[in-house]
Protein chains: 2
Amino acid sequence: MKTPTRKEEIIKSAAKLFLERGYSAVTMRDLAKELGIKAASLYNHISSKHEILESLIISVAEEFTVGMNQIFLSEISTLEKVEQVIHLHIDVTVKNQDALGSLNNDWMHLEGKALPYFEQMRNQYEENFRQIIKTGIVEGSIAARDPEILLFSVLSTLRTLYLWYPKKNSIDMQTLKADMTATMLASIRA
Amino acid sequence: MKTPTRKEEIIKSAAKLFLERGYSAVTMRDLAKELGIKAASLYNHISSKHEILESLIISVAEEFTVGMNQIFLSEISTLEKVEQVIHLHIDVTVKNQDALGSLNNDWMHLEGKALPYFEQMRNQYEENFRQIIKTGIVEGSIAARDPEILLFSVLSTLRTLYLWYPKKNSIDMQTLKADMTATMLASIRA
DNA sequence: AGATTAAACTAACAAACGTTAGTTTTGTAT
DNA sequence: ATACAAAACTAACGTTTGTTAGTTTAATCT
């Protein structure tokens, strides 16, 4: 457990506030107050408000991308792939709880190359998942319904987990993973 | 198809912009430009930016509440209730597409009594749904998994529909309703 | 003790914010 | 044509915004 740099502390606090109120509604003075300092002091560590948003979103998005690519290319059954994607999503969400808020709701405020970069990662992630589902339907392991609806159904639940998990930390990780996987697999299984 | 008042046009445009960028990131000048007028002119029709948000969110929330109460009290089977809730959610979402963005992401910017009022409606809606699910588990019609996870899974999908529906309007309403209901019932059914 | 460095500070900026007051334009009904 | 109402306008207000420049404090190392 290494001690975080001041920059990391700032980003962490920002993530928390962005989650509560959204990126645009959080001012640099709000963020400074949360840390017990003055707004101008933040700029000794970060170069802009946008930089904070960018580092929050892009690092998590890359984590998703790397994980998904690995699963997509691995030699396991379709249903096992779906299961792994679910586990990946849960793990990344739990690890980056607050940042998930920005990733889901404030990605459109990314600037410059960061925006198309993020969108490309997001599209590819969805496309990989779509391919897995379509393959499952052809194979007969996944229900023969509109693949778009199956994809949307599973992805919605996964993407909203960040809102629920904090409230329900009475549930332990093991049960959460098992029950979520069971529920979501049941929804798409043939 | 009665012609909308200017106020209604303003609120509708606002809903669209709030959906795209979030409430806090949309300025009154943005909104005015969208309507081809100057910002000050908006105040001939509305009294504040907050009033727009409030009328957007509260009216839809009440629609959800009324619908849910009706279903909750009706004399039908548990699974039929779940099915009706799903249909309610789809209908309200399709009818108020843009407003759903604010309801989901900007409710925390409500002011005064509107905030606790909204929160109470939201909690009661969830509580009613929770009761339906718990009853189903006791009866044996719904899978014996953690009811919180079942609730969260279904509700997440329903609440995110507003993001998906606009992109997939190739799918007709009939298929959408049928496939969504099938998918979500499959995820919780015993 | 003196030097160095990290991290805070004060003060201020130009731009953008929501909103107000008062005035002019536009369309409709007399 | 005149009167009336609806809806636009210009101009400006006090605040808040993200950010900069320059300075002071606090802790660490030689």
Side-chain angles (χ1 to χ4, degrees), chain A residues 2-58 101-102 105-115, chain B residues 2-58 101-102 105-115:
Chain A
K2 79 171 187 67
T3 58
T5 67
R6 195 64 172 138
K7 179 167 181 174
E8 287 165 344
E9 289 179 331
I10 289 172
I11 291 177
K12 192 180 166 186
S13 283
K16 185 187 154 217
L17 295 184
F18 292 171
L19 172 65
E20 288 170 3
R21 288 175 243 166
Y23 173 76
S24 303
V26 175
T27 72
M28 296 304 272
R29 285 167 180 84
D30 291 336
L31 176 54
K33 185 167 264 177
E34 176 82 10
L35 291 154
I37 60 177
K38 291 284 148 72
S41 306
L42 294 168
Y43 291 83
N44 287 321
H45 309 280
I46 53 110
S47 67
S48 72
K49 191 185 178 190
H50 277 111
E51 189 212 11
I52 299 178
L53 184 71
E54 194 171 313
S55 74
L56 268 177
I57 293 181
I58 298 297
S102 301
N105 298 317
D106 288 317
W107 57 267
M108 72 285 283
H109 300 118
L110 288 171
E111 291 195 338
K113 303 168 215 162
L115 180 58
Chain B
K2 77 171 189 68
T3 57
T5 66
R6 196 62 172 139
K7 180 167 181 173
E8 287 166 344
E9 289 178 331
I10 290 171
I11 291 177
K12 191 180 167 186
S13 284
K16 184 187 156 217
L17 295 184
F18 292 171
L19 171 66
E20 287 170 2
R21 288 175 242 166
Y23 172 75
S24 303
V26 175
T27 72
M28 296 305 273
R29 286 167 179 85
D30 291 337
L31 176 55
K33 185 167 264 177
E34 176 81 11
L35 289 154
I37 61 177
K38 290 285 147 73
S41 306
L42 294 168
Y43 289 84
N44 287 322
H45 309 279
I46 53 111
S47 67
S48 72
K49 191 186 177 188
H50 276 111
E51 190 211 13
I52 299 177
L53 184 71
E54 195 171 311
S55 74
L56 268 176
I57 293 181
I58 298 297
S102 301
N105 297 319
D106 288 318
W107 58 267
M108 71 286 282
H109 300 118
L110 288 171
E111 291 195 338
K113 303 169 217 164
L115 180 58

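We use all heavy atoms of the structure for the numbers below, so side chains are in, but hydrogens, waters and symmetry mates are not. Chain A is the first sequence line, chain B the second, and so forth, proteins listed ahead of strands; every chain is numbered from 1. Computed from a prediction, not measured in an experiment: that's the story for all the values here.
- With 3.5 Å as the limit, one finds a donor-acceptor pair spanning the side chains of B/Asp30 and B/Thr27.
- Closest non-hydrogen pair, B/Val26 versus B/Arg21, comes out as CG2-CB, 4.0 Å.
- To the nearest angstrom, P of C/dA6 lies 16 Å from CD of A/Glu9.
- What separates CD1 of B/Ile10 from P of C/dT19 is a distance of 13 Å, to the nearest Å.
- Ion pairing of B/Glu51 with B/Lys7 is present here, as a side-chain N (NZ or NE/NH1/NH2) and a carboxylate O approach within less than 4.0 Å.
- Heavy-atom contacts of chain A under 4.0 Å fall on DNA chain D between two terminal nucleotides, which in 5' to 3' order are D/dT17 to D/dA21.
- A heavy-atom distance below 4.5 Å is found between the side chains of B/Ile52 and B/Leu31.
- Distance check: B/Glu111 CD to B/His50 NE2 gives 3.0 Å after rounding to the nearest 0.5 Å.
- Shown for residues 20-41 of chain B: residues whose heavy atoms fall under 4.0 angstrom of DNA chain D, namely B/Arg29, B/Ile37, B/Lys38, B/Ala40, B/Ser41.
- When the P atom of C/dT20 is taken as reference, atom NZ of B/Lys49 falls 15 Å away, rounded to whole Å.
- Comment: A/Lys12 does not engage A/Glu9 in a salt bridge, judged by the lack of any side-chain N to carboxylate O separation of less than 4.0 angstrom.
- A close approach under 4.0 Å does occur between a side-chain nitrogen or oxygen of A/His45 and OP1 or OP2 of C/dA7.
- For the pair B/Arg6 CZ and C/dT25 P, the interatomic distance rounds to 19 Å; values are reported in whole Å.
- Scanning all heavy atoms of the two residues, the minimum distance from A/Met28 to A/Ala39 falls at O-CB, 3.9 Å.
- B/Ala32 approaches B/Lys38 most closely through the heavy-atom pair CB-C, 3.5 Å.
- Summarising the geometry, the separation between CG on B/Asn44 and C1' on C/dT23 is reported as 11 Å, rounded to the nearest angstrom.
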